[in-house]
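Quick notes on the structure that follows.
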Amino acid sequence: MQPVIVWLRQDFRLSDNPALTCAARSGRPVVPLYLLDDETPGGRQAGGASRWWLHKSLEHLSAEFSKHRVKLILRRGAAKPVIRALAREIDAVGVYWNRCYEPYALRGDAGIVRMLNIERIEAKSFNASLLFEPHAVKNKSGRPFKVFTPFWRNIRAREVSAPLRAPCKLHGFSQHIDSDDLGDWKLLPTKPDWAGGLRKTWKPGEAGGKKRLTSFLRAINSYTKGRDRLDEDGTSRLSPHLHFGEVSARQIWHAVKVHHHTAAADKFLSELAWREFCHHLLFNNPAMPRDPLDKRFSHFPWSRSTKALTAWTKGQTGVPMVDAGMRQLWTTGWMHNRVRMIAASFLIKHLAIRWQKGEEWFWDTLIDADLANNSANWQWVAGCGADAAPFFRIFNPVLQGKKFDPEGGYVRKWVPEIAKLPDKYLHNPWEAPAEVLKKADVILGETYPEPLVDLAKARDHALAAFRALPRSA
Ligand code: FAD
């Protein structure tokens, strides 16, 4: 029987995978394909941490398919010619996939549909990653939402379709098909191997994602309080599993809705809705990863200091809360949302470095790097995005530290060289008297950096630059 190709991208799961289910229901042999596309123009290559996750997740997915005697095919190259070549090679009757909503993915898909039509091969695509198609959520005037709260009200009142079970049966294709060797793609870092912290922290794959969801659901009722404590594991840490589609938003939504009717559960779903909102924004503003939505910010007098940018990336700014976050990011590939906001605000407002530089660093180092979530959130912090924090809301990393890491567990873990400082000076070592520093074995400028900037002066400078912006672009 002629087979159906299921082209997988950010949907590395067997359950709630509409493209796979549709192929399985056809009764035809299924040929799952992952293709590493670093070639299609306009695309954005995955960063280093994402590549590590990709390798691990593909290993897992391949093992899951093997249980059904189905081989996951790996190919490399620009999507359109690779799919055409494989479809011809195995005489496929259809190519099914789940949609990605990044602007380059949408453009690419349109070309692939045209090519398949010419080849007389059936093309079918589905929504598997979002609760609702981005074009289907509109305000009363039929326009895309620009503000989160009405967006959230709108989608919360809708019915989210039920997730699909994994197909009971999949038929493999009997003919041999060449596949790349995953190791040859060199997605894992070797010289140096910086992924030790990632290996220790994460279990990529559908089973790892399910396990994380189950254990989070046991604690979901503490989410409202726990989500802001940096020294506790109060959030779900589902973001990389969501990005790679190892767990779907629909599965999470239903798992929460069925058993949990608390304010904390509702709060958690509203965070999931932020993910939805970010994708909605990117869909309606394809240049969002590059250009400020508020065009006035193109005139901001950004600093070009590479020294300050490097210190920020390395967690050596001399501001403990920022450094703790940046080191957590480097070691584990993940950073708590509050610290992402603090570190981003410090880069943009205290160091006056353009948000795009921070977005690029996060893209390379986050295991949950996601074009929509990353760019929308950077714009939100910078004050130039949709429904953004106003520019004059400048996070004070000292006060934030004292409030959300009151016992200092988070900073002491990631910035051990100042761990012996008393709580009073842990977030602001430059204010500690000489004898306190000495007792804690801290020599500013030697064992730990002096702060890169005077926080109060840098804040005033940022506000003055903001006030000088033109009123309209
Ligand atoms: P939880 O609190 O458990 O939330 C559950 C899920 O809701 C998350 O997994 C995520 O999918 C979604 N979510 C929560 N907060 C947000 C948010 N503010 N925006 C969008 N979705 C959200 N998230 C990414 O997934 N990828 C990114 O590249 C990314 N870059 C960011 C950059 C900056 C500057 C900031 C401030 C935030 C960024 N976020 C990004 C959003 C957020 O920090 C992470 O989604 C969250 O920390 C993930 O941890 P969690 O799964 O434990 O979250």
Side-chain angles (χ1 to χ4, degrees), residues 10 44 46-47 49-50 53 102 129-131 148 151-152 201-202 209 212-213 215-217 219-220 222-230 232-253 255-256 264-282 288-289 312 322 325-326 328-329 332-349 355-389 393 395 400:
Q10 290 171 24
R44 193 165 180 186
S50 287
W53 191 288
E102 288 85 0
S129 81
L130 297 176
L131 299 170
F148 175 72
F151 175 86
W152 167 224
T201 317
W202 302 99
R212 201 168 268 280
L213 175 59
S215 72
F216 172 69
L217 289 178
I220 193 171
S222 346
Y223 182 73
T224 318
K225 277 197 189 143
R227 66 188 285 270
D228 265 332
R229 280 296 296 255
L230 308 178
E232 289 170 15
D233 215 0
T235 66
S236 70
R237 300 197 181 208
L238 281 164
S239 50
H241 298 288
L242 267 162
H243 172 75
F244 284 91
E246 298 163 355
V247 174
S248 75
R250 279 194 293 251
Q251 288 173 319
I252 298 178
W253 183 273
V256 173
D266 203 47
K267 179 70 195 152
F268 175 71
L269 290 181
S270 77
E271 294 303 320
L272 198 61
W274 268 103
R275 172 179 182 269
E276 201 80 7
F277 185 54
C278 294
H279 284 79
H280 181 86
L281 291 175
L282 179 61
M288 187 170 74
W312 179 80
V322 174
M326 297 307 292
Q328 179 184 29
L329 172 61
T332 69
W334 185 88
M335 199 200 289
H336 190 285
N337 181 57
R338 177 149 298 275
V339 197
R340 293 188 203 204
M341 293 192 288
I342 298 167
S345 169
F346 182 78
L347 181 81
I348 301 164
K349 297 174 185 176
W355 60 267
Q356 291 92 334
K357 293 282 176 195
E359 195 270 349
E360 280 166 22
W361 181 254
F362 272 29
W363 180 261
D364 198 28
T365 52
L366 277 172
I367 33 113
D368 62 23
D370 181 277
L371 196 69
N373 290 353
N374 202 29
S375 55
N377 276 285
W378 273 96
Q379 294 228 19
W380 185 90
V381 178
C384 56
D387 198 9
R393 183 172 171 210
F395 283 80
Q400 291 280 318

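Remember, it's 1-based here, ligands and their atoms both numbered in the order they're listed.
The shortest heavy-atom distance from Arg237 to ligand 1 is under 4.0 Å. At least one heavy atom of Trp334 lies less than 4.0 angstrom from ligand 1. At least one heavy atom of Tyr223 sits closer than 4.0 Å to an atom of ligand 1. Heavy atoms of Phe268 come nearer than 4.0 angstrom to ligand 1 in at least one pair. Under a 4.0 Å heavy-atom criterion, Met341 is in contact with ligand 1.
Shortest contact from atom 3 (O) of ligand 1 to any protein heavy atom: Ser236 OG, 2.6 Å. In this structure, the protein non-hydrogen atom closest to atom 24 (C) of ligand 1 is Asn373 ND2, 3.3 Å. Nearest non-hydrogen protein atom to atom 22 (C) of ligand 1 is Glu271 O, 3.6 Å. Nearest to atom 42 (C) of ligand 1 among the protein's heavy atoms is Asn337 OD1, 3.3 Å. Nearest protein neighbour of atom 40 (C) of ligand 1, counting heavy atoms only, is Arg340 NH1, 3.3 Å.
Listed by number with element, the atoms of ligand 1 under 4.0 angstrom from any heavy atom of Ser239 are 9 (O), 25 (O), 48 (C), 49 (O), 51 (O). Close approach to Cys278 involves these atoms of ligand 1, each under 4.0 Å from a residue heavy atom: 19 (N), 20 (C). Numbered from 1 in the order shown, with element, the atoms of ligand 1 that lie under 4.0 Å from a heavy atom of Ala369 read 28 (O). Per-residue contacts place Asp370 under 4.0 angstrom from the following atoms of ligand 1 (heavy atoms of the residue considered): 26 (N), 27 (C), 28 (O). Listed by number with element, the atoms of ligand 1 under 4.0 angstrom from any heavy atom of Leu366 are 27 (C), 28 (O), 30 (N). Near Leu242, meaning under 4.0 Å from any of its heavy atoms, are these atoms of ligand 1: 9 (O), 11 (O). The Phe362 neighbourhood of ligand 1 comprises atoms 32 (C), 34 (C), with distances under 4.0 Å to a heavy atom of that residue. Shown in contact with Leu272 at under 4.0 Å from a heavy atom are these atoms of ligand 1, numbered in order with element: 7 (O).
Taking only nitrogen or oxygen atoms, main chain and side chain alike, Trp378 does not reach within less than 3.5 Å of ligand 1. Of the N or O atoms in Leu238, one or more lie within a sub-3.5 Å distance of an N or O in ligand 1. Polar contact with ligand 1: absent for Trp274 (N/O pair, distance under 3.5 Å). Checking only distances, His336 never comes within under 3.5 Å of ligand 1, N or O to N or O.
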Next on the checklist: Using ring-ring contact (aromatic ring centres under 6.0 Å, His included), reason through Phe148 and Trp274 one step at a time and then give a plain yes or no.
Outcome noted: CA-CA 7 Å; Phe148 175 72; Trp274 268 103; 4.2 Å; yes
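At least one donor-acceptor pair closer than 3.5 Å links the side chain of Glu276 to the backbone N or O of Leu131. At least one donor-acceptor pair under 3.5 Å links the side chain of Lys349 to the backbone N or O of Arg393. Judged by distance alone, the side chain of Trp152 and the main-chain N or O of Phe277 form no donor-acceptor pair under 3.5 Å. Using modelled atom types, one side-chain atom of Ser345 and one backbone atom of Phe395 make a donor-acceptor pair closer than 3.5 Å.
Annotation: side chain to side chain contact (heavy atoms under 4.5 Å, CB included) contacts of Asp368 (sequence neighbours excluded): Ser239, Pro240, Trp334, Arg340, Leu366.
Of the listed residues (Val381, Asp368, Asn374), the one carrying the non-hydrogen atom nearest atom 30 (N) of ligand 1 is Asn374. The heavy atom nearest to atom 19 (N) of ligand 1, out of those in Thr235, Ile342, Asn377, is found in Asn377.
Here the rule is ring-ring contact (aromatic ring centres under 6.0 Å, His included) with Trp378, and of Trp355, Phe362, Trp363 only Phe362 fits it.
For the residue pair Leu281 and Ala376, the shortest heavy atom distance occurs at CD1-CB, 4.3 Å.
Counting heavy atoms from C-beta outward, Glu359 and Gln379 have side chains that stay 4.5 Å or more apart. Between Met341 and Gln400, every side-chain heavy-atom pair lies at or beyond the 4.5 Å cut-off.
In summary, the side chains of Trp53 and Glu246 do present a donor paired with an acceptor at a separation below 3.5 Å, with no hydrogens or angles considered.
Taking 4.0 Å as the cut-off between side-chain N and carboxylate O, Arg44 and Glu102 do not count as a salt-bridged pair.
Counting only residues at least two apart or in different chains, salt bridge (charged side-chain N to carboxylate O under 4.0 Å, His left out) contacts with residues 369-380 are absent.
Here the CE atom belonging to Met288 is positioned 7.0 Å from the CG atom belonging to Leu371, to the nearest 0.5 angstrom.
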